Peer 1: 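Got a structure here, written out as structure tokens. Questions coming.
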Amino acid sequence: MYGVTKVYPGDVVALAGVDLSVEKGDFVFIVGQSGAGKSTLLSLIYRGATPTKGQVLVGGRNVIRLKRREVAVFRRKIGVVYQDFKLLPERSVYENVAFALEVIEAPQKEIARKVSAALDMVGLSHKANSLPGQLAGGEQQRVAIARAIVNDPLIVVADEPTGNLDPDTSAGIMALLSDINCRGTTVIMATHNQLIVDRMRKRVVEMENGRVVRDERQGMYCHEV
Amino acid sequence: MYGVTKVYPGDVVALAGVDLSVEKGDFVFIVGQSGAGKSTLLSLIYRGATPTKGQVLVGGRNVIRLKRREVAVFRRKIGVVYQDFKLLPERSVYENVAFALEVIEAPQKEIARKVSAALDMVGLSHKANSLPGQLAGGEQQRVAIARAIVNDPLIVVADEPTGNLDPDTSAGIMALLSDINCRGTTVIMATHNQLIVDRMRKRVVEMENGRVVRDERQGMYCHEV
Amino acid sequence: MKFRTIRTLTSQAIKSLKRTTSLTTVLVIVACVLALSVFTLIAVNLTVMGQRMQAGVELRVYLKDDTTEALKNALEKSIRSISGVTKVVYVSKAEALERLGAQLGDENAFFFDDMPNNPLPASFDVSVRRADAASDIADRIRKMQGVDEIRYGPELVRNLVGALRVMWVITGAVAVLVLVGASMIVSNTIKLSVFARRREIEIMRLVGASDVFILFPFVVEGLLMGILGAGIASAIVFVAYWAVSDWVRAAAPFLQIVVDSEWLLRAALGVVAFGAVVGIVGSAMSVRKHLRVQG
Amino acid sequence: MKFRTIRTLTSQAIKSLKRTTSLTTVLVIVACVLALSVFTLIAVNLTVMGQRMQAGVELRVYLKDDTTEALKNALEKSIRSISGVTKVVYVSKAEALERLGAQLGDENAFFFDDMPNNPLPASFDVSVRRADAASDIADRIRKMQGVDEIRYGPELVRNLVGALRVMWVITGAVAVLVLVGASMIVSNTIKLSVFARRREIEIMRLVGASDVFILFPFVVEGLLMGILGAGIASAIVFVAYWAVSDWVRAAAPFLQIVVDSEWLLRAALGVVAFGAVVGIVGSAMSVRKHLRVQG
Ligand SMILES: Nc1ncnc2c1ncn2[C@@H]1O[C@H](COP(=O)(O)OP(=O)(O)OP(=O)(O)O)[C@@H](O)[C@H]1O
Ligand SMILES: Nc1ncnc2c1ncn2[C@@H]1O[C@H](COP(=O)(O)OP(=O)(O)OP(=O)(O)O)[C@@H](O)[C@H]1O
Ligand SMILES: [Mg+2]
Ligand SMILES: [Mg+2]
């Protein structure tokens with residue numbers, strides 16, 4: 001799903017010549033040490049950053065060549081769970097999730113229905129009117145997840161979506177992502193959660209210092225098990 | 001170390017009659033589901049919030065009765081790792097860590113020495129001049145940890161300090177906290193990381209819906225093992 | 001954009017307007033519009049007054065005692081033909097004497113009754129359109145045949161013309177200053193409020209909001225702020241001007257302040273429209289620039 | 001606080017000042033100080049001019065022809081004793097005739113030479129301190145024995161006094177408006193910049209920074225902004241005023257503009273000090289209020 005990629009933001013070499021391709025409908029874990037370049041790799045997919053060298057192809061389109069107006073349209077097809085959540089601090093949980101539908105100008109009724117469903121799925125219906133600042137860390141993370149999945153994206157990019165969640169809730173979220181994946185959505189997820197990766201037995205890409213050092217179908221979190 | 005505590009922020013019952021006492025030099029894990037009230041409990045210790053009912057005693061002092069000026073002085077003796085890091089976005093990593101020493105007006109030389117040492121411990125010496133926005137999630141978390149331990153606090157309060165860290169780096173941080181604990185510092189840590197809790201075999205306090213439901217010396221993450 | 005979206009975004013703009021931070025911008029706009037209005041009103045009034053005063057400037061052209069009727073008529077014709085001259089009135093020797101009598105007052109007039117011969121010369125009273133052209137016109141007339149001497153209107157009027165010119169220049173300079181300063185402040189204030197919401201804008205972009213979608217609430221907010229600010233300011237000016245002009249009419253009736261309620265109302269509406277434009281353009285430009293930087 | 005800490009915090013304030021967000025506040029201060037200065041200078045000049053003009057207001061008190069020397073002296077004494085009267089000059093019948101001759105000009109003067117008897121009355125020229133008291137004083141003099149009639153100074157002077165009064169009131173009103181508006185805007189702009197840094201302030205408090213520690217950089221920033229803003233403004237005013245006063249002296253010399261470089265310099269320093277105080281107080285208050293709310 002994308003070709004050659006290399007990035008050097010500033011003087012820091014975050015990605016050093018990464019080649020990776022993901023098929024439509026895949027479920028991929030990106031693992032690796034802190035600072036290995038996982039988030040940077042993911043940001044190339046939703047065009048949060050552009051590579052210094054190399055090309056990124058998503059759905060057959062060259063992401064780098066997108067014009068300003070096209071970027072916004074392009075991003076609407078990708079649901080992203082950011083590592084730092086990126087919730088609008090002055091809007092309620094409901095409004096935050098609804099925002100992803102408002103930008104595609106969906107009918108009000110459809111918005112209401114889909115947002116309720118998404119909040120139900122992450123177990124936060126009772127917090128719909130809270131502001132992000134009034135939520136527990138794990139609750140904020142689940143709002144971010146709800147926003148990413150609410151408009152049935154083609155690709156879900158999730159950066160450490162269970163970092164602030166207890167094992168039970170994490171399992172629920174993983175079940176949710178599996179479910180979405182079964183319905184054809186590509187899921188690319190960066191994580192440090194060994195238990196989850198080992199239990200799921202999906203494709204695992206391990207990174208180190210900006211390079212892909214391992215790429216296994218049905219892999220485990222660790223190199224040698 | 002503190003007495004009866006109860007909190008009701010807004011209409012949400014985050015803590016419902018919690019009794020807990022921690023001895024000087026203890027190492028305590030707080031575990032529990034997302035939204036169980038762990039962060040709220042911790043915030044009472046460093047007076048990030050005040051209880052609606054009940055009293056909080058830290059080092060024999062009633063935290064609620066502190067005057068404005070005393071609060072600042074009090075907080076300097078407690079190192080806190082916030083769940084959302086709370087780094088100053090416009091200061092470098094070095095300045096962020098140094099800030100905890102600047103507020104106690106330490107000599108410039110001592111600041112330089114201690115900050116370098118703390119950044120070494122979390123493995124971020126090479127990023128000293130970066131801004132928080134230019135760091136990976138796990139790197140930001142480690143800056144927050146460095147700031148919490150840099151001025152040799154009496155108590156370290158850590159809220160999910162390994163949420164964005166890979167198992168190897170997490171192990172390093174836990175070794176660091178154990179080390180600090182051995183030198184007499186009380187460590188209170190909220191976490192979802194089952195592996196860590198199970199491996200350390202320290203005191204575990206489990207919370208559910210704002211209540212303490214389990215409190216074991218040398219406990220495991222889960223109820224029934 | 002669909003109409004529904006516009007409604008949603010507008011209601012968001014109104015919500016955001018209610019937050020305290022927008023107050024600054026509204027206040028700045030109020031202050032700027034007030035300052036501009038005050039200066040404009042002063043300038044308009046000074047101009048009108050000045051025109052009235054200048055219209056009254058006269059030259060008195062004294063004729064030689066031996067001027068013939070024919071020469072007098074020729075002279076009148078040549079004076080009339082000078083551009084800038086608006087009126088020429090002949091004052092005969094007899095009329096001049098009468099005028100002097102009136103000037104000296106009743107109690108002194110009697111002593112002219114038994115005057116052996118009239119010593120006063122005949123003259124033309126020449127009105128000129130613009131006071132500053134008076135000396136040029138005087139020079140031209142002085143060279144004509146039959147002219148004995150030329151006198152200007154009172155010194156004070158000429159001085160007043162100079163004073164008014166000074167006032168205009170100062171008013172103009174201050175107005176330019178206020179305008180430049182005002183637009184800088186407004187644009188900077190909006191920039192600051194965009195800066196305060198930079199995270200919000202970044203997040204919106206990442207979620208796939210188009211530029212227009214992000215711009216729109218800011219533009220509406222700017223529009224509302226502009227209308228609000230300019231509206232408050234012109235309401236204050238409108239009421240204050242009525243009060244002041246009433247008071248001035250009582251305290252200094254000869255100033256003849258310009259009061260034309262229709263004109264004022266139209267000006268106020270113009271000011272509000274101006275505020276709306278400033279608000280829209282200011283916020284749109286700031287946000288747009290910010291979006292560009294973000295890439 | 002230790003000196004070292006003060007140094008550290010000050011350098012932080014300067015760093016933060018370099019960011020664009022502070023520009024707004026500096027601009028607002030510049031604009032406000034400029035507006036205030038311009039109005040103050042106009043007001044000062046108007047006042048001085050007004051005082052000069054009013055000093056020139058005179059009443060002419062005509063005496064009856066049969067007034068004895070004794071009565072004349074008594075009258076002079078009573079007029080002098082009226083409060084508000086600054087000067088009393090006696091003009092005899094002969095002097096009055098001379099004055100009329102001078103008024104009428106050389107070419108008309110000759111016909112007074114063969115005047116049978118002098119028809120003009122003697123008079124007192126009475127100067128009064130304040131023009132608006134003139135009519136009261138005239139009323140009192142009119143009732144005295146030996147007084148035939150009283151004439152005022154020219155109409156125009158009285159009108160000018162009225163016009164000046166209007167100007168003062170407008171200037172005063174605008175000055176009050178500018179002052180109130182300026183302080184609101186400055187305090188709001190600082191509030192906005194505090195708002196933009198609310199997270200930073202919150203984090204500082206959580207790390208154990210005392211109020212003074214947090215306040216200090218803001219206060220220093222406010223101080224610097226105030227000095228900078230007021231400094232720029234007074235430099236502009238200083239230079240502009242020199243230029244304008246030169247130009248005015250050439251264009252309208254009779255206006256006699258106030259130029260006293262020492263006075264101006266002292267005023268400029270005062271303005272800068274004022275700016276510094278506004279900056280300190282404004283920022284300290286905004287941050288303090290913000291800290292209070294945070295609890
Ligand atoms: N905006 C930036 N400017 C400069 N360097 C950056 C920037 N963003 C990331 N980096 C650097 O690039 C490297 C890779 O960062 P990245 O965020 O991709 O790591 P990561 O694998 O996501 O780590 P983590 O697991 O801790 O989130 C890090 O060394 C980081 O410091
Ligand atoms: N400022 C606030 N205003 C209102 N409710 C709040 C606020 N902060 C927290 N809460 C609520 O209090 C409850 C407990 O929150 P808390 O942050 O203590 O949970 P937590 O155990 O730390 O969860 P997590 O593991 O997800 O961080 C949650 O339901 C949360 O929504
Ligand atoms: Mg990352
Ligand atoms: Mg928490």
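Just so it is clear, the values below take in all heavy atoms, side chains as well, and ignore hydrogens, waters and symmetry mates. Every value quoted in this text rests on a predicted model; they were computed, and no experiment measured them.
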Peer 1: Counting heavy atoms not belonging to A:R211, are there more than 12 under 6.0 Å from its CZ?
Peer 2: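 Open: at most 12 neighbouring heavy atoms sit under 6.0 Å from CZ of A:R211.
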Peer 1: As an exercise, state the distance from CG of B:N193 to NE2 of A:H192, rounded to the nearest 0.5 Å.
Peer 2: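 It comes to 11.0 Å.
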Peer 1: Between A:E160 and chain B, which part of the residue has a heavy atom less than 4.5 Å away: side chain, backbone, both or neither?
Peer 2: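 A:E160 touches chain B through side-chain heavy atoms alone.
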Peer 1: Counting only heavy atoms from other residues, nucleotides and ligands, does the tally under 6.0 Å from CG of A:N209 exceed 12?
Peer 2: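 For A:N209, atom CG is not crowded (no more than 12 foreign heavy atoms under 6.0 Å).
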Peer 1: Drop me the distance from B:Q83's CD to A:N164's CG, to the nearest 0.5 angstrom.
Peer 2: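 So the gap between those two atoms works out to 4.5 Å.
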Peer 1: Nearest 0.5 angstrom please: B:D168 CG to A:Q33 CD, how far?
Peer 2: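 Nearest 0.5 Å value for the CG-CD distance: 5.5 Å.
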Peer 1: Name the region of B:L195, side chain, backbone, both or neither, that has any atom closer than 4.5 Å to a heavy atom of chain A.
Peer 2: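 B:L195 touches chain A through side-chain heavy atoms alone.
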Peer 1: Run through B:Q140, B:E139, B:R142 and flag the one making a side chain to side chain donor-acceptor pair (under 3.5 Å) with A:S34.
Peer 2: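 Among B:Q140, B:E139, B:R142, the one meeting side chain to side chain donor-acceptor pair (under 3.5 Å) with A:S34 is B:R142.
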Peer 1: Looking at B:S170, B:P167, B:A136, B:G138, which has the largest count of heavy-atom pairs under 4.5 Å with chain A?
Peer 2: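 Result: the option with the highest number of such pairs is B:P167.
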Peer 1: Quick check on A:K38 against chain B: is it the side chain, the backbone, both or neither that has a heavy atom closer than 4.5 Å?
Peer 2: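 Neither part; nothing is under 4.5 Å.
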